[in-house]
Amino acid sequence: MTHTHINNSSYTFKHTNLLGIEQLSQHDIVFLLDQSEHMLTAFRSKTPLHNLKDAVVINLFFENSTRTLNSFDIAAKKLGAEVINTAIAHSSIKKGETLLDTAATLNAMRPDIVVIRHSFAGATALLSAKISCPVINAGDGAHEHPTQALLDALTIKLSKGSITGLKVAICGDILHSRVAYSNILLLKQMQADVHVVAPPTLMPHYIETLGITAHTHMSKGIKDCDIIMMLRLQTERMNGIYVPSPKEFYRFYGLDVEKLQNAKPDALIMHPGPTNRGVEIDGSIIENSRSLIERQVESGVAVRMAVMHNLYNAMQKAG
Ligand code: NCD
């Protein structure tokens, strides 16, 4: 079964928020990836677009971010929007009540799209209930990071032609990673063969209920796979010691040239960034011609353009 295009012309994208991959059907994903491809072509050729002309996009980031914040900023500007970037110190807002006050204040400014990153799982959903315009989750704690999973899917699709049937191994800190969770949901929807690799301390106990295969040995987990997705240790979310040392973690779970031999000869390597050389990945792998890391960043802008354009449209239609 291939899902490159939607044949059903009666399909319409109806979502007015993007809080997680959980809410998306396979049709939604295929549609957004098709739209992202068009956006990528426009982005590469510097074609001016006006889909969000006169719209105001607020990027509300309660957590540190370089690439995601810049990516949303550029994507909104490429569509002709006015953008306000608000980075709020991690410590300044800690209680649900205060968060809701922030939402009400923001809402009164009548933005057209609000993009939120927060260290608490569920914070974006909570805020979206008080905000009348589309809300995009740019990462909520260890929960979801939907635009990251979509940009990863676009990168895979452009490199391999299709996602369906590919063997994908997601390796590293599965327990604390929102990138892992959103990618698992999306890759399952697209019928990929999903494997995860982590030390037992960083493997969620419920993982196999997601219909994927869990491994504690890296060489077995990445055996014959088409795509290896490496993840950073999310130390900011760890309370206590999960790995004996970064050096030991690297020895058993870091992707180096030797471990890479277990994958298919044409396997491609991905990482959402930021990378930690010598912890989860060897520096030479980042620079390897089989690394898709820079393409992921480029796909990110296109995916965020497509997501913002379609949420905005759906909201206009919903009146
Ligand atoms: C990821 C995130 O913030 O969840 N990074 C990103 O969005 N580019 C992964 C990470 O921080 O390790």
Side-chain angles (χ1 to χ4, degrees), residues 18-22 36 59-76 85 87-88 90 115-125 136-156 168-187 196-199 202-204 227-238 242-243 246 249-250 253-255 269-281 283 285-286 291-305 307-308:
L18 181 61
L19 302 179
I21 297 297
E22 215 155 33
S36 302
N59 286 322
L60 187 60
F61 278 56
F62 295 92
E63 223 187 42
N64 291 339
S65 165
T66 320
R67 79 193 67 209
T68 306
L69 178 58
N70 286 334
S71 181
F72 272 107
D73 187 12
I74 292 168
N85 292 321
I88 296 178
H90 184 82
V115 181
I116 302 170
R117 170 169 283 199
H118 199 285
S119 57
F120 294 167
T124 319
I136 302 173
N137 181 4
D140 63 329
H143 181 222
E144 281 234 39
H145 191 355
T147 56
Q148 179 70 44
L150 286 163
L151 77 86
D152 289 338
L154 178 65
T155 311
I156 297 174
V168 183
I170 308 175
C171 313
D173 186 357
I174 307 294
L175 182 66
H176 301 105
S177 171
R178 54 197 176 204
V179 176
Y181 186 58
S182 288
N183 261 300
I184 290 168
L185 297 181
L186 188 151
L187 291 165
V196 290
V197 181
L202 293 174
M203 185 73 85
I227 300 283
I228 307 174
M229 233 180 239
M230 297 307 302
L231 300 171
R232 183 178 65 87
L233 290 172
Q234 310 280 301
T235 45
E236 69 276 24
R237 283 180 214 130
M238 291 182 191
Y242 287 80
V243 292
F249 179 78
Y250 180 65
Y253 295 97
L255 185 64
I269 299 123
M270 302 177 76
H271 194 307
T275 50
N276 280 318
R277 289 170 188 245
V279 182
E280 76 277 4
I281 192 163
I285 305 269
I286 298 174
S291 153
L292 297 175
I293 300 175
E294 279 178 25
R295 301 226 194 127
Q296 289 172 266
V297 178
E298 188 188 32
S299 298
V301 177
V303 157
R304 288 166 182 134
M305 287 167 77
V307 166
M308 285 195 265

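Order of appearance sets the numbers: ligands from 1, and atoms from 1 within every ligand.
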What are the atoms of ligand 1, with element, lying closer than 4.0 Å to any heavy atom of [X]?
X	value
R67	8 (N)
V179	1 (C), 4 (O), 9 (C)
T68	6 (C), 7 (O), 8 (N)
Q148	6 (C), 7 (O), 8 (N)

Exercise for the section: Test the R304-F72 pair against the cation-pi criterion, namely NZ or CZ under 6.0 angstrom from the six-membered ring centroid and within 45° of the ring axis. Expected result: yes
Problem - Polar proximity ligand 1 side, R237 side, N/O cut 3.5 Å exclusive - result: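 Between R237 and ligand 1 (N or O atoms, distance only) the closest approach is not under 3.5 Å.
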Exercise for the section: State, without any angle test, whether H145 and R117 hold a side-chain donor-acceptor pair at a distance under 3.5 Å. Expected result: yes
Practice task
Enter the distance from T155:OG1 to I293:CD1 here, rounded to the nearest 0.5 Å.
Solution key: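 One finds 11.0 Å between OG1 of T155 and CD1 of I293.
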Practice task
Would you mind listing every salt bridge (charged side-chain N to carboxylate O under 4.0 Å, His left out) that reaches into residues 136-146, with sequence neighbours excluded?
Solution key: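 Those involving residues 136-146 do not exist here.
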So which heavy atom in the protein is nearest [atom], and how far is it from that ligand atom?
atom	value
atom 9 (C) of ligand 1	G273 O, 3.5 Å
atom 8 (N) of ligand 1	P272 O, 3.1 Å
atom 11 (O) of ligand 1	R232 NH2, 2.9 Å
atom 4 (O) of ligand 1	R178 NE, 2.7 Å
atom 7 (O) of ligand 1	H145 NE2, 2.7 Å

Practice task
Indicate yes or no: at least one non-hydrogen side-chain atom of V196 is less than 4.5 angstrom from one of I170.
Solution key: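 When only atoms from C-beta onward are counted, I170 and V196 do touch, with a gap below 4.5 Å.
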Handout entry: Student check: side-chain heavy atoms of S119 and R237 closer than 4.5 Å
Key =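 SC-SC contact between S119 and R237 ruled out.
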Practice task
Verify the neighbour count for atom CD of E294: are there more than 12 heavy atoms of other residues, nucleotides or ligands below 6.0 Å?
Solution key: no
Handout entry: Region of E63 that comes within reach of ligand 1 [heavy atoms, distance under 4.0 Å]
Key =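 The answer is neither.
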Exercise for the section: Give the contacting part of R117 toward ligand 1: side chain, backbone, both or neither, where contact means a heavy-atom distance below 4.0 Å. Expected result: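 The answer is the side chain.
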Problem - Expected output: side-chain D73 to main-chain L69 donor-acceptor under 3.5 Å - result: no
Exercise for the section: Give a yes or no answer on whether the side chain of D173 reaches the backbone of Q234 with a donor-acceptor pair at less than 3.5 Å. Expected result: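 Judged by distance alone, yes, a pair lies under 3.5 Å.
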Handout entry: P274 to ligand 1, any heavy atom closer than 4.0 Å
Key =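 So P274 counts as touching ligand 1.
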Exercise for the section: Check whether any heavy atom of G139 sits under 4.0 Å from an atom of ligand 1. Expected result: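 It does not; every heavy atom stays at 4.0 Å or beyond.
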